[in-house]
Amino acid sequence: MPLRVLLLKVLRFGSFGVAVAAALVIGIELWKHSGDMTALHPGFLIMMGVLLAAGLWLARSIGRELAEHGP
């Protein structure tokens, strides 16, 4: 396995990790406030949503690159 493919797979796994961590943080905050969305700061939700979307987008892009030029 070439080093490039290995590094891309590690980065893809890390990107999924970021997305899962962001989703867990949002879920924990909602659980702390008994599901009341109005109790959460909008800036916090936007920041976590951006992290979630960026992690998924990057993982998808890396997956496409691996599929296109993979072994």
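Throughout, numbering of the chain's residues begins at 1 and tracks the sequence. Keep in mind the model is a prediction, meaning the values are calculated, not measured.
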(message) Could you list the cluster mates of F13? Members are the ILVMFWY residues connected by side-chain heavy atoms closer than 4.5 Å, either directly or through other members.
(response) none

(message) Going by side chain to side chain donor-acceptor pair (under 3.5 Å), name the pairs with one or both residues in residues 18-27, residues two or more places apart or in two chains.
(response)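 Applying side chain to side chain donor-acceptor pair (under 3.5 Å) to every pair that reaches into residues 18-27, excluding sequence neighbours, yields nothing.
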
Identify all side-chain donor-acceptor contacts of residues 22-29 below 3.5 Å with residues at least two apart in sequence or on another chain.
{"unit_1": "E29", "atom_1": "OE2", "unit_2": "K32", "atom_2": "NZ", "d": "3.1"}

(request) Kindly write out the residues that satisfy side-chain contact (heavy atoms from CB on, under 4.5 Å) with A39, not counting sequence neighbours, or none if the list is empty. (result)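 Checked A39 against side-chain contact (heavy atoms from CB on, under 4.5 Å); matches are H33, D36.
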
Side-chain atoms of residues 40-64: list all donor-acceptor pairs with protein atoms under 3.5 Å, sequence neighbours left out, distances to 0.1 Å.
{"unit_1": "H41", "atom_1": "ND1", "unit_2": "G43", "atom_2": "N", "d": "3.0"}
{"unit_1": "S61", "atom_1": "OG", "unit_2": "W57", "atom_2": "O", "d": "3.0"}

(request) Applying side-chain contact (heavy atoms from CB on, under 4.5 Å), run through E65 and R4 and close with a yes or a no. (result) CA-CA 11 Å; E65 184 70 23; R4 174 186 161 295; 3.4 Å; yes

